[in-house]
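Note sheet for the following structure.
Here is the naming used below: chain letters follow the sequence lines, and residue numbers restart at 1 for every chain. Note: hydrogens, waters and symmetry copies are ignored here, and every other heavy atom, side chains too, is used.
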Amino acid sequence: MVDSQKLLVGIIANPESGCDIRRLVSCASVFPTSEKVSMVVRVLAALGSFGVEGALMMPDKSGIAAGVLRATLSHAATSGEPWPEVQFLDQKIEHTADDTRTAVRAMLSAGVRTIVVLGGDGTHRVVASECGATPLVTLSTGTNNTFPDLREATIAGLAAGLCATGGFALSEICRRNKRLNVHFANRHEVALVEVAICRNRYIGSRAVWKPDDLSEIFVTFAECDSIGLSSIAGLLRPTSRDAAEGCSVWFNHKNPVSWVSAPIAPGLIRNMPIGSVRPLPLGQQIAIDAEYGTIALDGEREFEFTAADKASVSLDMDGPLTVDVRRTLELAAGRGLLASRISHTLTHKKRTTE
Amino acid sequence: MTTEISKELLLRAYRMMRRIRDFEERVHVEFATGEIPGFVHLYAGEEASATGVCLHLRKEDYVASTHRGHGHCIAKGMALRSMMAEIYGKKSGICGGKGGSMHVADLALGMMGANGIVGGGGPLICGAALAAKIKKTDNVAICFFGDGGSNQGTILESLNLASVMQLPAIFVAENNGYAESTSSRWAVATGNIADRGAAFGMPAAIVDGHDFFAVYEAAGESIKRARSGGGPSLIEVKVNRYFGHFEGDQQSYRGADEVKKLRETKDCLVLFRGRVTKQNLLTNKELDEIDAEASDEVQDAVAFAKQSPKPQASDLLTDVYITYA
């Protein structure tokens with residue numbers, strides 16, 4: 001049983017992230033389970049320093065939960081530093097994205113104040129589909145990560161602790177993100193960074209790394225220093241996370257208007273044949289004009305489709321709230337919240353909601 | 001080139017998986033009659049792994065298999081008749097009936113054999129891959145091993161050797177969740193076997209072993225890399241077996257409905273059929289014809305094995321010793 005009277009933070013660590021075929025076809029690194037365990041431990045240490053009492057974790061059978069359990073037992077035996085009590089959610093493990101969805105729903109029911117997510121763009125996409133107004137602290141443990149922060153887990157843990165205990169209004173420390181909606185065959189899916197329409201007939205190994213496979217991409221934001229498919233748009237028409245529009249790029253493999261050399265995966269820089277680059281306005285529903293193919297959400301092929309599925313894409317501003325780690329720590333420093341910790345932990349202020 | 005698979009190859013893939021499945025389901029039935037000597041370890045449920053890898057191979061490429069080796073042997077091209085006869089211990093078997101299920105081999109096809117030693121294939125393919133490298137043949141060598149094998153020193157030493165010598169070797173970890181009855185989730189310290197690639201300076205990836213297309217794509221990239229001199233790689237295929245560790249295993253370590261659910265939701269043959277028919281690449285009729293052919297072929301193999309003679313006492317010392325003079 002989860003004690004919902006406690007001050008709780010949720011932790012989702014995806015055991016599947018950072019292990020796909022891009023290790024074979026590009027220079028991407030494996031993100032090992034042991035490092036994910038270590039990152040969770042660093043988050044726990046930071047949360048404990050702010051008096052967070054409980055951490056709800058998604059269980060898994062790939063070694064993360066087991067590693068965290070070993071670490072908490074070892075910590076309890078050897079250290080006096082406070083850590084939140086870790087509880088693993090009692091749920092069936094299917095080794096699919098549904099595990100994450102189930103865990104997020106349980107965390108919301110238990111009243112977590114924030115959810116720390118360790119994963120790639122795809123993991124964050126799945127969490128975003130369920131998390132509602134609960135803010136996320138994002139940590140990259142994937143491959144082509146554009147959405148989550150690539151930063152030290154301890155610092156993310158500090159921000160999560162401040163978000164949970166610091167009395168900030170969410171409007172002070174959080175960003176509302178854009179999202180892409182994909183409708184097809186009576187289904188609705190979301191993406192946080194990009195939707196790619198691929199010419200592959202099969203999901204296969206999921207990753208997208210061959211220029212010839214790409215027909216079109218739609219992006220929520222495009223940064224010129226990013227990695228992955230959104231970098232193509234980022235190098236042609238940079239679009240910020242806060243802009244009230246996205247961007248779309250159509251590839252013309254037969255008669256390109258121009259070319260752009262883009263880092264579509266770690267160590268994989270490819271010339272992309274550009275047909276057109278357009279702004280993607282909020283709310284406009286764009287039909288996918290292809291006889292067949294696959295739809296990749298945030299870098300991974302997720303669905304096989306045919307023209308009969310009548311797939312379409314649209315952009316809105318209803319993506320998840322994410323904690324701006326730097327902004328949170330700046331505000332905390334300015335208010336003396338960190339200095340006050342020298343002799344005692346923060347009192348558990350009730351968060352002022354928007 | 002965009003990633004496409006020809007109709008001919010799709011048919012070959014389905015035929016290969018179906019032949020393996022029918023072969024193993026039939027051995028399961030026949031073993032219960034008591035006619036098959038020794039132990040058998042069945043590959044049913046894992047067909048997409050052997051097929052996704054071996055469809056990229058040439059006859060000259062080498063494969064080292066495991067105790068659960070029937071699927072690898074069929075995927076590498078061995079005839080069902082001589083395989084079944086070998087499993088029955090008959091003289092017409094590919095090894096004269098002396099190898100049986102765990103030592104079935106055909107070097108002429110590059111099949112270095114099933115292997116009763118867990119993790120025994122690693123050193124074998126290092127040798128084969130080194131020969132290919134020295135001879136500049138662009139052949140590759142594949143080692144299939146399980147999650148139990150992944151914890152053996154032989155595999156870890158082989159990963160190291162292959163990386164140090166940049167051998168054209170591909171290590172395919174078929175993680176079916178259990179080393180005999182021990183869960184890999186308990187026994188594999190790193191959680192994922194693929195995590196170990198980094199320790200040996202070797203690229204590694206995880207694929208869904210129920211999805212032929214996922215395995216085929218990953219194996220294709222690994223084999224292309226090895227053929228072109230890019231060195232070894234490691235693929236962890238997450239998969240499940242339908243039967244016990246060995247025939248007769250009561251499987252008390254598995255959930256009550258575990259296998260039933262796997263058959264209902266993750267059957268590689270069903271998943272394959274659904275995808276290719278939805279996209280009108282193959283028809284149900286074409287696939288049904290393959291089902292019928294495979295069934296007949298397995299029936300023929302069993303009949304052949306049953307009617308074949310056993311080795312005689314005079315065969316005892318043949319094929320055992322060799323003189324290099």
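Annotation: side chain of A:Tyr292 is not in contact with side chain of B:Leu281 (no heavy-atom distance under 4.5 Å). Side-chain contact between A:Ile203 and B:Arg275 is present, with at least one heavy-atom pair separated by less than 4.5 Å.
Heavy atoms from other residues, nucleotides or ligands lying under 6.0 Å from CG of A:Asp289 number 12 at most. Within 6.0 Å of OH in B:Tyr62 there are 12 or fewer heavy atoms belonging to other residues, nucleotides or ligands. Heavy-atom neighbours of A:Trp259 CH2 from other residues, nucleotides or ligands within 6.0 Å: above the threshold of 12. The local environment of CD in B:Glu264 is crowded, with over 12 non-hydrogen atoms from other residues, nucleotides or ligands closer than 6.0 Å.
There is no contact between B:Lys224 and chain A, counting heavy-atom distances below 4.5 Å. With a 4.5 Å cut-off on non-hydrogen atoms, B:Val276 touches chain A through its side chain but not through its backbone. The parts of B:Ala218 that come within reach of chain A are both its backbone and its side chain, each placing non-hydrogen atoms under 4.5 angstrom from that chain. Contact of A:His95 with chain B is made through the side chain alone, with heavy-atom distances under 4.5 Å. There is no contact between A:Pro211 and chain B, counting heavy-atom distances below 4.5 Å.
For the atom pair B:Ile206 CD1 and A:Ser62 OG, the distance stands at 7.5 Å (nearest 0.5 Å). Atom-to-atom distance recorded for A:Glu16:CD and B:Asp208:CG is 9.5 Å, nearest 0.5 angstrom. With rounding to the nearest 0.5 angstrom, the OG atom of B:Ser233 is 10.0 Å from the CD1 atom of A:Ile21. Expressed to the nearest 0.5 Å, how far CZ of A:Arg201 lies from CG of B:Asn280 amounts to 8.5 Å.
Contact detail for B:Lys266 and A:Glu94: the closest heavy-atom pair is NZ-O, 4.3 Å. B:Lys278 and A:Phe305 get closest at one heavy-atom pair: NZ-CA, 4.5 Å. Considering every non-hydrogen atom in both A:Gly204 and B:Ala214, the closest pair reads O-CB, 3.3 Å.
Most heavy-atom pairs under 4.5 Å with chain A: of the set B:Val207, B:Asn192, B:Asp211, this distinction falls to B:Asn192. Looking only at heavy-atom pairs under 4.5 Å with chain B, the residue among A:Gly63, A:Cys19, A:Ala308 that has the most is A:Cys19. Interface summary for chain A: among B:Ser183, B:Ala204, B:Gly191, B:Ala198, the most heavy-atom pairs under 4.5 angstrom belong to B:Ala204.
In this structure, A:Thr33 contributes its side chain and B:Thr190 its backbone to a donor-acceptor pair below 3.5 Å. For the pair B:Glu221 (side chain) and A:Leu24 (backbone), a donor-acceptor distance under 3.5 Å is absent.
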Determine, stepwise, if the pair A:Asn200 / B:Phe213 fulfils side chain to side chain contact (heavy atoms under 4.5 Å, CB included).
CA-CA 11 Å; A:Asn200 314 68; B:Phe213 299 103; over 6 Å; no
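Salt bridge annotation for A:Arg301-B:Glu217: present, with a cationic side-chain nitrogen under 4.0 angstrom from a carboxylate oxygen.
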